[in-house]
2 protein chains.
Amino acid sequence: MKAKKQSLVEVVIERIKKSIIDNNLKPNDKFLSEGELVEQLQVSRTVIREALISLQALGILKVKAGGGVFVADTKLYAITSILKHHYETYGVKIKELVEIRKIIELGALRLIIEKNIDVNLEAFYSINHSYYQSIINNNNTNQYDNDFHQLLIKTTQNETFYHFSEIINEYFLLAKMDLFQKEEDLMKSYDEHTQIIKAVAEKDLTKAQQTITQHFNPIFTFIKQMEEES
Amino acid sequence: MKAKKQSLVEVVIERIKKSIIDNNLKPNDKFLSEGELVEQLQVSRTVIREALISLQALGILKVKAGGGVFVADTKLYAITSILKHHYETYGVKIKELVEIRKIIELGALRLIIEKNIDVNLEAFYSINHSYYQSIINNNNTNQYDNDFHQLLIKTTQNETFYHFSEIINEYFLLAKMDLFQKEEDLMKSYDEHTQIIKAVAEKDLTKAQQTITQHFNPIFTFIKQMEEES
DNA sequence: GTTATAATATGGTCAGACCAATTTTAGTTA
DNA sequence: TAACTAAAATTGGTCTGACCATATTATAAC
């Protein structure tokens, strides 16, 4: 088999991770300083520093010059920088992202209705109203559109699902898609949001999913056009 | 405003990232050595090393002792280590993961059938056969079960979707769920796999999704039991 | 008690040295 | 010529000590 000799830095990284977990350290807790780690783990400052830098990159620790080392409030946001580079290197197929988003939203609707979740309709209408106004003012519509979708995911009461959706959303934002430009398209989108809320309120899964599907159709059409043009 | 002074290491990291992108470097391409980077960027070896270590942690570069620095074949696998720590720190609700997996698979089936994808039925039957044998031999059933699910996702011809599903799968594996233990349950699971293949072959979305749903039901029941016990 | 200042602690960067693993080169042999 | 071997060079891994920059803490002045 492959023993694959671990470097000292790797060993230290594992030890530190374990220490965080074993000591049940919470975000923003102060961690040991470089000097203390040198003393405790009996390795050079170089190794400690490289381990800390690594853990910082992974969003596990946060190092403040002059201040010390702290536990980062990791909510998987470190993943964003990875995605960003991945996107800038390989790009991403818009169509694939939209397909994923559709899957997520269809799934979210099903979860909400099947789990018989008590939906905060007010919040939905409130966001949708902001969306409406942003369309009229032609200002930041994407933001409010996005808020709606995120609220939908959050309503599923599945935190893990929400986290992953956020990550995918980051990817989405990187791609900076401006699929809907015309006001009439946006208005149609707004109407569909309203229909979706109603369907959810009535716990009508079929109707909700049909509306979402309809919501996505013009986007796919648009993408197909783009593909054909290029 | 927050100027937030960037450290030299951070600057170097950005420069290196940019260099990879601008030079259109591909995975496994040889990158500049530490010495060359010191020369080119005019900073100390310490800074270069810390930047390289960081980029390695993010799965962007791969440093081989004695060999040199290479572009990593990043397929988002670096995210795994972040998830691992996140899981070990915060844990994860099994129910949430299963809900996500169900969403993914329902979505995959829909994509396959709606996109009218030419399915490699042989591959499905082959994997399912291995699954069958593993059940009989009571050996590594989870592995083959997983293979089936991954093939399903791969068949959607959506690479991004596949990547994300793999990440979620990693999470799944961390949780080390042994939900099906008894041979009869496993056999039922095998039968359902077979039905799913057939439904896909016949492009019968309703049947496929019904079967998947049925496939997940006992798992949710099991989870509910576990929750009630604790 | 508050504020200003000095001292201290802590991380950031640099330089040089030596070790360990890998790759390259040169040499030898079949 | 081709394949193997050994030496040399390259490259990353770790250590030490020094000095700078920033943040926190202690001290002194008001």
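Quick note on labels: first sequence line is chain A, next is B, and so on, each numbered from 1.
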### Message
Between the side chains of B/Lys84 and B/Glu88, is the shortest nitrogen-to-carboxylate-oxygen separation below 4.0 Å, so that they form an ion pair?
### Response
yes
### Query
What is the distance, rounded to the nearest whole Å, between atom CD of A/Gln42 and atom P of D/dT16?
10 Å
### Query
Which nucleotide in the list C/dT13, C/dG11, C/dC14 gets nearest to the side chain of A/Val69?
C/dG11
### Query
How long is the line joining CD of A/Gln56 and C1' of C/dG12, in whole Å?
12 Å
### Query
Nearest to the side chain of B/Val63 - C/dC14, D/dC15, D/dG13?
D/dG13
### Query
Should B/Lys224 and B/Glu228 count as an ion pair when the cut-off is N to O under 4.0 Å?
no
### Message
With a 4.0 Å cut-off on N to O distance, would you call B/Glu14 and B/Lys18 a salt bridge?
### Response
no
### Query
Separation of A/Leu55 atom CG from C/dG11 atom P, in whole Å?
14 Å
### Query
Rounded to the nearest Å, what distance is computed from the CD atom of residue A/Gln6 to the C1' atom of nucleotide D/dG13?
14 Å
#### Entry: Comparing A/Thr46 and A/Arg49 on DNA chain C - which has the more 5′ nearest nucleotide
A/Arg49
### Rounded distance (Å) that lies between atom P of D/dG13 and atom NZ of B/Lys62
10 Å
### Task
Please report, rounded to the nearest Å, how far the P atom of D/dG12 is from the CD atom of A/Glu50.
12 Å
### Task
Please report the shortest heavy-atom distance between A/Ala72 and A/Gly59, naming the atom on each side.
CB-O, 3.5 Å
#### Entry: Parallel, tilted or perpendicular: rings of A/His193 and A/His149 (30°, 60°)
perpendicular
### Message
If the cut-off is 4.0 Å, is A/Arg45 near the phosphate of D/dT16, judged by side-chain N/O to OP1 or OP2?
### Response
no
### Task
Tell me whether the OP1 or OP2 atom of C/dT13 has a side-chain N or O from B/Ser44 closer than 4.0 Å.
no
### Query
Can you check the B/Glu34 CD to C/dT22 C1' distance for me, whole Å?
14 Å
### Message
What is the distance, to the nearest angstrom, from the NZ atom on A/Lys64 to the C1' atom on C/dA9?
### Response
15 Å
### Task
Name the residue closer to the 5' end of DNA chain D, choosing between A/Gly66 and A/Val9 according to the nucleotide with the nearest heavy atom.
A/Val9
